[in-house]
Amino acid sequence: MLQVENVVAAYGQSTILWGTSLEVKAGAVTTVMGRNGVGKTTLLKTIMGVITAREGKVVFKDRDITALGPAGKAKAGIAYVPQGREIIPKLTVYENLLLGLEAAPDRRAGIPEEEIYRLFPILKDFRKRAGGNLSGGQQQQLAIARALVSRPSLLLLDEPTEGIQPSIAQEIGHILQQLVQEKGLSVLLVEQKIDFARQVSDYYYFMDRGKMINHGSAEEMDFASLERHIAV
Amino acid sequence: GKTGENTTDNGETVKIGVLHSLSGTMAISEVSLRDAVQMAVDEINASGGVLGKKIEPVIVDPASDWDLFAEKAKELLIDKKVSAVFGCWTSVSRKSVLPVFEENNGLLFYPVQYEGEECSNNVIYTGATPNQQLIPAAEYLMSEKGGGYKKFYLLGTDYVFPRTANKILKAYLLSKGVPNENIIEEYTPFHHQDYQTIVSKIKRFAADGKACVLSTINGDSNVPFYKEFANQGLSSATCPIMAFSVAEDELRSMDTEFLVGHLAAWNYFQSNDSPENKKFVEAFKAFCEKKGLPGGSKRVTDDPICWAYTGVYLWARAATKAGSFDVNKVRTALSGLEFDSPDGKVKMDVGNHHLAKPVMIGEIKPDGQFDIISKTDNLVSPQPWSPLTSPDKDCDWVNHKGTYTK
Amino acid sequence: MLLSVNNLAVSFGGVQALSLSHFSLQPQELRVIIGPNGAGKSTFLDIICGRTKPDTGEVYFNDRAIMGMTEVSIARLGIGRKFQQPSVFPGLTVYDNLLLAAKMKKDILSSLFFKPSQLLKARIHEVAEKIGLTKVLSSIAGALSHGQKQWLEIGIVVLQDPKLLLIDEPAAGMSDEETYKTGELLLELSNNHGIIVIEHDMKFVQQIARERVTVLERGKLLVEGSFNDIRNDQRVIDCYLGRNNTQLENL
Amino acid sequence: MLQVALARETNTDALRAGKDILYAIQLNTTTDAQTAKRYIDSLAENWGDNAPVFLSAYAKSKKPFADYAGQKASSLERKYDYLQKVQNLFSGLSLGSILILIALGLSIVYGLAGIINMAHGEFLMIGAYTTYCIQTLFTEVLKVPYTDLLFIISLPLSFLVAGLLGLLLERLVVRHLYARPLESLLATWGVSLILIQTARSLFGDLTAVKTPAFLSGGLAVSPHLVLPYNRIFIIGLTALIVLLTYLMLYKTRIGLQIRAVTQNRNMSACLGIDTKKVAALTFFFGSGLAGIAGCAMTLIGNVVPDMGQTYIVDSFLVVVTGGVGKIVGTIVSGLGIGFFTKILEAFFQAVYGKVCILLFIMLFMQYKPKGLFPYKGRLAED
Amino acid sequence: MEKKIYYLLFIAFFALLLPAGHLMGWVSINTISLWGRYFCFAIAALGIDLIWGYTGILSMCQAFFFCLGSYGIAMHMLLKTSGSALPEFMVWNKVESLPFFWVPFQSFGLTLVLCLVIPSLLAFVIGYVLFRSRIKGVYMAIITQALALAMWLLFLRNETGLGGTNGLTDFKTLLGLPLSNTYVKLGLYLMSLLLLCVAYFACYQITHSKFGKVLQAIRDSESRVSFTAYKVMDYKLAVFVVAALLAAIGGMLYAPQTGIITPGRMDVKASVEMVMWVALGGRGKLKGAVAGALLVNFLYSICTSLFPDSWLYILGFLFVITVLFFDKGFVGLMDNLTKRKEPCY
Ligand SMILES: Nc1ncnc2c1ncn2[C@@H]1O[C@H](COP(=O)(O)OP(=O)(O)OP(=O)(O)O)[C@@H](O)[C@H]1O
Ligand SMILES: Nc1ncnc2c1ncn2[C@@H]1O[C@H](COP(=O)(O)OP(=O)(O)OP(=O)(O)O)[C@@H](O)[C@H]1O
Ligand SMILES: NC(N)=O
Ligand SMILES: [Mg+2]
Ligand SMILES: [Mg+2]
């Protein structure tokens, strides 16, 4: 589905990713874990095209999309739920959802309202409120909902359960599994909470200082040793 | 400062300074004066120059920035060592360079009508003094031929020329028995655009058909003023506007439909159909076309253009007469000098550095030209100190040291 | 009583965001507040620190009414706040962030003639060590990752040395290991500070909730009790924890 | 003799003036009290320009019904005052519309780049020069006799030309500055210098556009109250433009995209919006609105290179007083400032009126530091 | 160390070389005065850098404070010039007796005090009103701009007794010294240079103290500063007053060297231009403010003479290009040129 090959990325003079590689398999949840500041978010931003890779390649569905901008990538079927939610604050909840349609393969299908509101009931009550006025957790829900509206084939999630109440976090886990199984969605998840990661992941990568230091499938993983690794 | 010998003659050329704003708010008016000076220079150079030297104009842009006027004047006099400077339009700019010219004994040719009350040894005023423009205009409006108006709305841009002009006008009107309540004075800032309120005030003031407007509005405020005037249903028949700062150059591309019949007082009009003027007008159009200046052959001449042009000739004649470019000698030579200007013969006053010239009143025609409806037969002598407001003062550099008490 | 609150209510656009009849906190108590998204937890902290004006109600800090005071006055009384979205000085270095926060006279003149004492420097390094930012002390705070900013903001509040710390979701965006470290830090602080912590990470809550946990729902107090009471309270499970929660099962 | 002339007169103004004099003469010559009263009534009813003067002169005499004439005279004065108030309100509305017309584009562009577009006034100037060029092109190059149609077609053309130049500015300059909004203030300042100088060297000094015939003169509500057509036109135009802008921004997909991009470029891009296109379009639209405003301004003022500077501070004020990014705010504050200015101008000279307005706005900001219609709640915080 | 050399070079050039050049007859007194005036602008620019560069408050009325200083000193000089008579412009305007607010300016000491106190006091009041209601960002910029506009309009009026559009001009002496004298001009130049250095040093101390860091913190996140127990309002007010004071000091030195002060110096454009100097020099760096003010004004002077028809293009393009490609201004550009490029990896 997605191959990241030896990507180098930097903010100005400080290089964060030093030749990172990773592969996201179709119809599976791939999780990247790592301590604070190792470059997980940077990796997702680079894949999405918010930061341009200085070296290396990003290949999506056998197509080299390294040079494509974020909008192009969104249209190609990648949806992104960033860390920090990035709700458009002065638009209403509904308008925020409408924006999800921008990258949808078929705009006319509209917002799958029932599905979304079943998942996140609070969004229905708050349809007309400004997105920026929602509580932190509500915004996170909105961000995920917005990504789902665009019916992506690859979903990039940056710590999606951050600030979300446990029941909904669990629900999100279920939904992800469901989407992966039923619709063949592929997911690249960045997560620090092992519990959630374990609930949904099929494959793991561990990152340290801009490089992948270990990876393997859920079955192969020795979490005890990894936890030690991440802790330092 | 170092006086006297601040003139250079490094062989072939003699330098003069041109100090007109080429950018900023005043560029609209002053660029034409730069062109007029340039044309005079070209003509003189083509006919052999002055005292065997070609004139080399040093053009700078004081950018409608009054401080920069002073700075540029210093630069021209001290660093560039020019023999004379041709420049300024607004009185502010003249006031700002005045100390510089006096300190460095320079010579400034100032081509625009102004408020008087000044008498500098270092300025040659080729524009009109109040008695050469303001008073004859008011006189005309009060006369039977002019309509016998009894109420006067003095409207001006808020700066020294309109303020002083209105002070003098008011003194004149009061002296002619116009009651105080029949005179209204009002000022708007430069670039004022919204004349709705003022025009409705005028409309009420003029309801009985006996009122006229004496306008010292300057620059780009004129168009919105005249348009609003017409649109609220006023016209030259009900309430004429006598303008002191609207000339052909301003009318050139105004929508003259609104203006027809309104008046202006000047010392020169392009429509003056003497042969020398026709030649001048043709020459100016040809010059603008040849130099590729905006407007090209559609350019017109007007009063300040005429005096800016005349100024250069006056200086050249005086230098020739003096046989030197030295400021003191040129100044002496200028006293009483006569010259055949596009406006006919004009004469430098013997003592006060101003120019004696005819006074005319014109009525605006649809083509942006003026119908000359009144013209003095003789040259009107300049009075820098108006007898109306400063009866005890006069200006004379020959028998006195400038301003003196009579 | 370090903090006591009566009949606090605020609504936004017709929705009652908070309506709390009573709440109180002892001087050295660490209180955890949990509750569904949008329950009004952050709003509660916003009111205490003067950021949001309540419609009605009173807040007493050390028996002093603080409603209507400005943020600065409240901060000067000794209430420090960590926000849900990290809020640091992005243009300053990490060290300067900490330096500005440290407890000291904060008027203009003192600032103009301020010289950091050895003691203060040592303290800053000590805190930096604790929050794991020693290596990035001289980098610009705006360039930190999300988690690092969280840490930095905790450091800022700690150095302020307030009597009452209001901490909104400190563990968000941190790994389990770091979450644990945060917990230890908070527990240590609770030895001589009053602390209110908001969190959704149950493991973390379990770690730090030595005394009572408060559950809010739709702006109202749902229950208050020990962690275990709460964990097994049916109402809390229904509205907040969720049934058969795999993540909670290994608690 | 006068009566005979009047009978033949068809011009209403002249007729009224004539009657005025006629009645006055008759009033002053009559000796009969009742006839005098009749003439007093006629004078008042006819309400010629000099009626109040004649009446109050009569009132001073010792003749019959002198008091009555005095009453009539002052009632005419009162009517006049009332009309003057109406005129003032109309002036306020007209000034307000102009401010709104200019501020609207500014507000949209401000929202996009998060900066004060210092060159906004210059797009106004470009719109005005476009109108001027079209007029010159048709009347002088193609020798078409001037028709009112010219003005009508120059409205959309001004929009287009100013819009396209705005687009160019966005593509060449502003595009590089989205991450550094403050600096774009400086860059656009530089651009405004360049544009002014360009206009000056292309067109030289002041030029003016001929007002189309159907817009000159005014609607004579009463002989003493004339509402100029050009101003009525501008008021209507503003209403139309405001409506269209509102519909575009709030009811269309592109409007949604614009609003999203103005608030968060990066995220909008991640959602699949072509931010480049949207930004360019926004600039196009905002500058185009300025162009239309410029075209409209040719109806009341002249066309000069630095005409953009005249209203620019006022329109910034409108944007700010209304609350940045709020169309309703822009409208309400534009009208408010327009009315207040005119009301104050009736009492003070123009300048003092303006100074009062500026100080008043400062005080107003004490109560509404984020404008009339601020965003409420958390999203308003920094 | 390397830094110090630049400072020394700057001082050596302007304090020694330029005056020496004049005495040798290579540099005209006009050039000297010109630089003296640029120094006045640089002093004001330092204030703008403090308030805008460091604190992030875009104040668009600094030119007004500059003019307050200028007008004060100009009033004094004019009164000394006209002696017991009324200043000339009052005679034209038919003002019969000296307006009350002119009276204190007869004394030089009082003039100095008033020139410093009035701008500070006004800045305090304006700042208090604006900061109290938490006006910031564009709102601040536009409101201060409107304020400048209002003041400009008032100063333009003749009724206000300050010379209207013409302003005040034709000063002859200061402290009994003839202003036309070359050595007096040289003295004023050196005085401006000295005060620029003093102002620079003072600003340096301010920005490198904790006070300066609080200012930057306010720029970054005002609410965080409040929650960290600093009274944001006090700090903003203090820096606003300091900036106004610096502007006024610049203005006080400006009037005697230019020989005229008019409301044109304080119109809306003037304030924007001042901000522009700082931006082009490099905002947030004191060196930048000084370099920007000197360079832009120098360019303005020479371009209006060398390229009278096209200088606006030159300056306009310079602004645009500097902003587009050298986002840290001249100083940033210099740093880039002098420093070796750090390797990326
Ligand atoms: N805008 C920026 N400019 C410069 N450096 C940055 C910027 N954003 C992040 N960094 C640096 O890049 C490194 C990686 O940041 P990133 O946000 O990718 O980390 P992360 O792995 O997502 O951490 P976290 O778990 O805390 O979110 C950090 O050390 C941070 O300091
Ligand atoms: N300015 C506002 N306008 C409208 N609604 C608001 C505003 N501020 C907060 N709310 C609403 O008030 C409620 C309480 O919000 P609050 O942020 O306190 O929740 P919270 O308990 O902190 O939630 P979370 O766990 O998601 O952070 C939410 O429903 C939110 O949408
Ligand atoms: N002298 C003038 N017209 O300003
Ligand atoms: Mg991250
Ligand atoms: Mg919250």
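Every chain is numbered from 1, with letters handed out A, B, ... down the list of sequences. The figures here come from the full heavy-atom set of this structure, side chains too, leaving out hydrogens, waters and symmetry mates.
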Would you find more than 12 non-hydrogen atoms of other residues, nucleotides or ligands less than 6.0 Å from [X] atom [atom1]?
| X | atom1 | answer |
| --- | --- | --- |
| D/R175 | CZ | yes |
| E/K285 | NZ | yes |
| E/F101 | CZ | yes |
| D/F339 | CZ | yes |
| D/F340 | CZ | no |

Pick from D/H176, D/M362, D/Q309 with the largest number of heavy-atom pairs that fall under 4.5 Å of chain E: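 Most heavy-atom pairs under 4.5 Å with chain E: D/M362.
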Interchain contact, D/I312 with chain E, by part (heavy-atom threshold 4.5 Å): neither
Interchain contact, D/Y352 with chain E, by part (heavy-atom threshold 4.5 Å): side chain
Ring centroid separation E/F64 to E/W152 under 6.0 Å: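 Centroid distance E/F64-E/W152: not below 6.0 Å, so no.
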Contact class of E/L318 relative to chain D, heavy atoms under 4.5 angstrom: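 When you check distances to chain D, no heavy atom of E/L318 falls under 4.5 Å.
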Heavy-atom proximity to chain D below 4.5 Å, by part of E/V129: both
Side-chain heavy-atom pair D/L165, D/F123 within 4.5 angstrom cut-off: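 Side chain of D/L165 against side chain of D/F123, heavy atoms only: contact under 4.5 Å found.
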Chain E-proximal positions within residues 189-198 of chain D [heavy-atom distance under 4.5 Å]: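 The stretch touches chain E at D/W189, D/G190, D/V191, D/L193, D/I194, D/Q197, D/T198.
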Choice from E/I321, E/V268, E/I126, E/L149 maximising heavy atom contacts with chain D below 4.5 Å: E/L149
Residue selection (most heavy-atom pairs with chain D, distance under 4.5 Å) from E/L280, E/T322, E/L315, E/V320: E/V320
Exam field: side chain E/T55 to backbone E/L50, donor-acceptor pair closer than 3.5 Å: yes
E/V275 to E/S59 - nearest heavy-atom pair and separation: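 That closest heavy-atom pairing would be CG2-O, 4.0 Å.
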